[in-house]
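Below, chain A is the first sequence line, B the second, and so on; all start at residue 1.
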There are 4 protein chains.
Amino acid sequence: MTPTRVITAQVSDTGLVNERRAHIAQAAARVFRRKGFHNATIRDIAVEAGLSQGSLYNYVRTKDDILYLVHQDMTAAYARDVERALEDVTEPRARLHAAIAAFIHSMRERRADIALIYQETHALGEESRRAVLAQTQAFIQRFAQLIEEARAAGMALPGAGPLAADIVTFLPVMLSLRAWRLRDIMPGDAAEAELVGFLMRGLGIQDGV
Amino acid sequence: MTPTRVITAQVSDTGLVNERRAHIAQAAARVFRRKGFHNATIRDIAVEAGLSQGSLYNYVRTKDDILYLVHQDMTAAYARDVERALEDVTEPRARLHAAIAAFIHSMRERRADIALIYQETHALGEESRRAVLAQTQAFIQRFAQLIEEARAAGMALPGAGPLAADIVTFLPVMLSLRAWRLRDIMPGDAAEAELVGFLMRGLGIQDGV
Amino acid sequence: MTPTRVITAQVSDTGLVNERRAHIAQAAARVFRRKGFHNATIRDIAVEAGLSQGSLYNYVRTKDDILYLVHQDMTAAYARDVERALEDVTEPRARLHAAIAAFIHSMRERRADIALIYQETHALGEESRRAVLAQTQAFIQRFAQLIEEARAAGMALPGAGPLAADIVTFLPVMLSLRAWRLRDIMPGDAAEAELVGFLMRGLGIQDGV
Amino acid sequence: MTPTRVITAQVSDTGLVNERRAHIAQAAARVFRRKGFHNATIRDIAVEAGLSQGSLYNYVRTKDDILYLVHQDMTAAYARDVERALEDVTEPRARLHAAIAAFIHSMRERRADIALIYQETHALGEESRRAVLAQTQAFIQRFAQLIEEARAAGMALPGAGPLAADIVTFLPVMLSLRAWRLRDIMPGDAAEAELVGFLMRGLGIQDGV
DNA sequence: GATGAATGAGCCTTCATTCAT
DNA sequence: CATGAATGAAGGCTCATTCAT
């Protein structure tokens, strides 16, 4: 949510800076998906973004900055997917269910980006990594909150222990990190459904009650 | 199980080759854990292994070979952990339970190695990656088999769908990839216990029956 | 004539690229003459050219590219020598004579470069070699053409068989590849004269008729 | 003829040394023809010779030594071809003709070896190169001698100047260094015939008189 | 602010030669 | 004498970053 880390720029026009950075992050994401972070060069990214190398460095200080921008965007993206799914749902039990389903769906749709995150987070510099993990942490706690609210609304969640939010936000990542297997086993929506069911049972929810 | 990929060596003494390769893989793993694959240099690895750069290349042909050796060893390691846990257990339902618990424990104990695998598999060359994934696939199918046997022995597994083995072999990875969070939440064995419970419920197993 | 092979550059300014490449080729030629292609390092060449290694690679993609540039330049150089000698000569019989004499002279003057070509053409990559040989072939055919024109103009060339152009363009190479001997036998211009005479007689030309 | 350069060996049994060296030179020649001198490794040569690397170094001190042995053998080979052609010919004018024809034939048959010599002589160390050039020089002088004897026997050689022996021993090299062209122009024996004719006319010999 | 050429540190890999067994 | 593992010095090439224009 709140980007912890500040990237300093050569350019002073803040609006321009933000606009360009978003543009750079998107271009970089495309390149990273294609070649991975380590095989992507600054040149590649500049070309994809339609900028000169020199210009790029007016908005970003290091390659690490770019990776950070990409992480931030991607993390924000799936968080946004979940929030969007919650927009029209008010009943707490339904909200928890909707969030889980939305997250699962998001993981499958964004599997390429998610894989990138899980592969390259460790390549971030200390500071960047901390900022990204904080962002992820906030997302996990969002789920903890949803669980709490469902419970407060009377939902029986006998299976929801201290790790519940972590489990719920981790297992669906399988749709990305195990995509190489799932491809051959079953259609994606069936996989999503099975995961939803598994998580529900794991939390101890019987028939959505 | 059956290593698909063969690494050719300059040295002919097979015993020596195997011994040295194991040594190199261990040294490399230490370096990779410290700096990641891309930031680790062959020099680093040679020094850590107590070899000259030239000697290293008598046992390995490329840096990719080293990463492959590391992957293979680590994948074999947790598979071995599971097999060991099964050695004295014969009853199919107990075997499934034992395997799950052992795998979960292994993931926590080997969390550094597991993180390495999940971060760097994509850095493997095509052929190496295929070989490693085949090895992983075999491991997943081992669990599919255990589930099948438990079911054949009369165990009710209403939650075990086509993805059961994948889920069981993926969720515990959380103990590695989310180690940065768990550290602050609860002691490791409690986390293990919670995961075991979650998986059991997810599979639809009631109190171990 | 028409350079078959295209070298891609990192730098886009075409004028600069051409200028620098010419400069690099000359520097490289000096280094190659001194140490041979295989013993010359990119570092050597960069230093000789007054460039950094990195800069060098902005104009050239591989060491092979450099060798190709050198070959191309040198081949063009002696071809140009011959063309220049033909500029003011119109009578076909005189043109053939002028071309031969000019080529012989060029071989002696450029003996160091020619030796380089004959020693290192085989070190060129497949594509480069083909391009250079095509260039050489065009030069040989130029002589075939001159011979044809002389014959059409009524010159008796009883000795000019299918290999005539090859012979005429090969024998003078002796002034380069046997320079180690000629040095001790006779002055260069006398050697040139003897070769001219030999070729003339070989072609069956009597007293320049 | 007289090998100027002495190679010191680790092994004292002279007979064994000579035998092994001949063996090594032949194996090396095969490897060199296949990959060129610079791309051939000592390992390649040892394998081809059926020796261990260590053993090889008992008979030879450096890679340069090997190249020297190969040069010496190859140079001796075509010289021997010429001598053999002279064995049954006594008449001086016929001897000159036979020598030229034999040399031309040898150049075509041994074109791969000859190309190797012309490409790699410059890779020889100072001392080795001098020894090889001395050997070549002796061969050239053999031709000078044959020319002299033919002249003494009454042969008119108006075209034979100071370079005659050099020309006669150089032009036929064309069959090797221009093999890439001749392949497409005419059959090898026709090429040989044309060269014989050309040299004869060049020397001023009319119809073998 | 934009551009893109320049830079230099560093990496993977090869290989002739040595030497302990 | 034979073996073959060990070595270390290079070498070609890449690329993030800088900086003059």
What nucleic acid atoms does [X] come within less than 4.0 Å of, heavy atoms only: base, sugar-phosphate, or nothing?
X       : answer
B:Ile42 : base
A:Ala46 : nothing
D:Ala40 : sugar-phosphate

In whole angstrom, what separates [X]'s [atom1] from [N]'s [atom2]?
X       : N      : atom1 : atom2 : value
B:Lys35 : E:dG10 : NZ    : P     : 11 Å
C:Tyr57 : E:dA5  : OH    : P     : 18 Å
B:Asp44 : E:dC11 : CG    : P     : 7 Å
D:Arg61 : E:dT18 : CZ    : C1'   : 14 Å
A:Gln10 : F:dA20 : CD    : P     : 14 Å
A:Asn58 : F:dT21 : CG    : C1'   : 14 Å
D:Arg43 : F:dT7  : CZ    : C1'   : 13 Å
D:Tyr59 : F:dT3  : OH    : C1'   : 12 Å

Checklist entry - With a 3.5 Å cut-off and just heavy-atom distances, do the side chain of B:Gln53 and the base of E:dC12 make a donor-acceptor pair? => result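 No such pair is found, so the answer is no.
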Checklist entry - When the nearest nucleotide of DNA chain E is assigned to C:Ser52 and to B:His38 on a heavy-atom basis, which residue is associated with the more 5' position? => result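 Taking each residue's closest nucleotide, the earlier one in sequence belongs to C:Ser52.
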Item to check | B:Ile45 side chain near B:Arg30 side chain, heavy-atom distance below 4.5 Å | outcome: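 They are not in side-chain contact.
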Closest to the [X] side chain, choosing from [options]:
X       : options              : result
A:Lys63 : F:dT17, F:dA5, E:dG1 : F:dT17
A:Arg20 : E:dA2, F:dG8, F:dT17 : E:dA2
D:Thr41 : E:dA16, E:dG8, F:dA2 : E:dA16
B:Ser55 : E:dG1, E:dA2, F:dT7  : F:dT7

Next on the checklist: So, applying side chain to side chain contact (heavy atoms under 4.5 Å, CB included) with C:Arg129, which one of C:Asp64, C:Leu124, C:Leu67 is it?
Outcome noted: C:Leu124
Checklist entry - In the strands shown, is F:dA6 matched to any nucleotide by a Watson-Crick or G-U wobble pair with both distances under 3.5 Å, and which? => result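 Because both required distances fall under 3.5 Å, F:dA6 counts as paired with E:dT17.
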Next on the checklist: How close do C:Ala40 and C:Lys63 get, counting heavy atoms only, and between which atoms?
Outcome noted: O-NZ, 2.8 Å
Item to check | Salt bridge D:Asp65-D:Arg5, side-chain N to carboxylate O under 4.0 Å | outcome: yes
Next on the checklist: Does F:dG12 have its OP1 or OP2 closer than 4.0 Å to a side-chain nitrogen or oxygen of C:Thr62?
Outcome noted: no
Checklist entry - How are the rings of C:His38 and D:His38 set relative to one another: parallel (under 30°), tilted (30 to 60°) or perpendicular (over 60°)? => result parallel
